[in-house]
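Throughout, residue positions are numbered sequentially from 1 according to the sequence presented.
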Amino acid sequence: KGGKMKITIVYDNEAKKGTLRAGWGFSAFIESEKAPPILFDTGADSPTLLHNMKELNIDPKDMGIIVISHAHGDHTGGLSEILKKNDTAELYLPSSFRRGFPGRKVTIVKDAIQICENIFSTGELEGVEQSLALKTDKGIFVVTGCAHPSMKGILEAASKFGKLYGIVGGFHGFRDFKAFDDLSLIYPCHCTMYKREIIDLFKEKAFECGAGLVIEL
C-alpha cells in the first residue's frame, strides 16, 4: 500500500478560481506523508506560476524535488525563477533536457526509477518524456505533462508499480479512449485535444482540470 497524497494543480490552461491565472502550460504540486514536497513541471512563465503559488499558499522554498516531464517551454518556463528562490531542491530531468545546473543534485532519468518513497518515474519514454507514478492507498495515480509518448506506453510503464487508479495531466491528441476503461479517476488538463469527449464518455469518473484543482488520494 502507498500513502495519502494531495495533488494541487498550480498551472493549467484553465483556472478553477477567479484569483488564479490561466496559461498554456502545466504544473502540479504533490504532497505526501512520506516524501518531500514535489513540483512536477513549472508552467510556461514565472509570473503566472509564482502568482498562483502565492494564491495557493505554496512556498517555492518548500520544494524538495522538482521533476520536469519534458524539455518544452510550456513545462520549463518557470524553472529558472523557482531555482533562484529555492537553492536546495533536487532535479529529476529527462535526458532530452540539455542544461546544466551547477551546484545542484541532478538525476538524469532514462529508465524507470524510484524518486522517493511511493513516488516513481516511468522513465523517459520514447526518448522524450517522463511521467510520474504515485503509489497511493487507492492504487497508482499517474501524472503526465503532455503525454507525447503513447498513452498505452505511459499506462503500461506506470502499471509496473501497481494497479492503476487514475490519471491527471495533459493527454495531447490521445483518443484511444478504451485505454482509460479500467481507471477510476481521470482529469484531462492542459493540451488534451479531446477534453470534452473524455469528460462526456466517462461521466462518473472524468472531471474538469484547472489551476487550483486539489486531488486528495
Side-chain angles (χ1 to χ4, degrees), residues 5 7-16 20-30 38-46 48-49 52-53 56 66-79 82 92-94 96-97 109 119-134 140-159 164-177 179-180 183 185-202 205-215 217:
M5 301 226 182
I7 303 166
T8 305
I9 304 304
V10 184
Y11 197 117
D12 187 50
N13 298 30
E14 296 169 39
K16 281 272 187 205
L20 297 175
R21 295 180 193 154
W24 179 270
F26 189 68
S27 177
F29 180 60
I30 301 161
I38 292 178
L39 189 67
F40 176 78
D41 286 343
T42 61
D45 69 291
S46 303
T48 306
L49 181 73
N52 287 357
M53 277 189 168
L56 294 163
I66 298 169
V67 179
I68 297 293
S69 63
H70 63 304
H72 295 175
D74 48 341
H75 298 260
T76 61
L79 182 59
I82 289 283
Y92 282 78
L93 309 173
S96 50
F97 193 94
V109 177
I119 296 176
F120 304 86
S121 165
T122 57
E124 184 186 32
L125 302 176
E126 295 175 28
V128 63
E129 182 175 345
Q130 64 175 331
S131 298
L132 288 183
L134 313 180
I140 298 294
F141 196 81
V142 183
V143 188
T144 67
C146 269
H148 288 296
S150 79
M151 182 61 78
K152 198 167 176 270
I154 293 171
L155 294 176
E156 228 162 72
S159 70
L164 297 180
Y165 175 73
I167 188 168
V168 65
F171 305 158
H172 218 61
F174 162 73
R175 54 187 305 182
D176 178 16
F177 302 136
F180 281 170
L183 298 181
L185 197 53
I186 304 160
Y187 289 98
C189 309
H190 177 40
C191 60
T192 308
M193 283 165 67
Y194 299 104
K195 273 182 200 172
R196 276 269 57 89
E197 288 85 341
I198 291 169
I199 288 170
D200 289 344
L201 188 62
F202 298 106
K205 57 185 188 179
F207 305 96
E208 305 267 351
C209 189
L213 170 73
V214 175
I215 307 166
L217 299 161

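With hydrogens and angles disregarded, no donor-acceptor distance shorter than 3.5 Å links the side chain of Thr192 to the backbone of Gly170. In terms of modelled atom types and a separation under 3.5 Å, the side chain of Glu14 and the main chain of Ala22 share no donor-acceptor contact. In this structure a side-chain-to-backbone donor-acceptor pair under 3.5 Å is missing from Gln130 to Val109. Put simply, the side chain of Asn52 gets close to the backbone of Arg21: a donor and an acceptor are under 3.5 Å apart.
Between the OH atom in Tyr187 and the CD1 atom in Ile215 there is a gap of 5.0 Å [rounded to 0.5 Å]. Interatomic distance, Asp41 CG to Leu132 CG, rounded to the nearest 0.5 Å: 8.5 Å. Note that CG of Leu183 and CZ of Phe202 are 8.0 Å apart. Values are rounded to the nearest 0.5 Å. Note that CE of Met151 and CZ of Phe177 are 10.0 Å apart. Values are rounded to the nearest 0.5 Å. Rounding to the nearest 0.5 Å places CG of Leu185 at 11.5 Å from CZ of Phe180. Atom CZ of residue Phe207 and atom CD1 of residue Ile186 lie 9.0 Å apart, to the nearest 0.5 angstrom.
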After noting the C-alpha distance and the side-chain angles of Phe120 and Ile140, does the key distance pass the side chain to side chain contact (heavy atoms under 4.5 Å, CB included) rule? CA-CA 10 Å; Phe120 304 86; Ile140 298 294; 5.6 Å; no

Which is it for Cys189 and Cys209 under the disulfide (SG to SG under 2.5 Å) test, yes or no, and what are the steps along the way? CA-CA 5 Å; Cys189 309; Cys209 189; 2.2 Å; yes

Steps toward side-chain hydrogen bond (donor to acceptor under 3.5 Å, both in side chains) verdict (Tyr11, Asp45): CA-CA 10 Å; Tyr11 197 117; Asp45 69 291; 2.4 Å; yes

Run the side chain to side chain contact (heavy atoms under 4.5 Å, CB included) check on Ile119 and Tyr92 step by step: do they pass? CA-CA 12 Å; Ile119 296 176; Tyr92 282 78; over 6 Å; no

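Contact detail for Thr144 and Ser131: the closest heavy-atom pair is CG2-OG, 3.6 Å. Closest heavy-atom contact between Cys146 and His172: O-CB, 3.0 Å. Pairing each heavy atom of Ala28 with each of Ile9, the nearest pair is CB-CD1, 4.1 Å. Contact detail for Thr42 and Leu49: the closest heavy-atom pair is O-CD2, 3.5 Å. Nearest heavy atoms, Ala158 versus Ala133: CB-CB, 4.1 Å. Between Val128 and Pro149, the shortest heavy-atom distance links the atoms CG1-CG, 3.9 Å.
For the residue pair Asp12 / His190, no side-chain donor-acceptor distance below 3.5 Å is found, with atom types taken as modelled.
Summarising the local packing, NZ of Lys205 is surrounded by more than 12 heavy atoms from other residues, nucleotides or ligands at distances under 6.0 Å.
In this structure, His148 and His72 have perpendicular ring planes: the angle between them is above 60°, well past the 30° mark.
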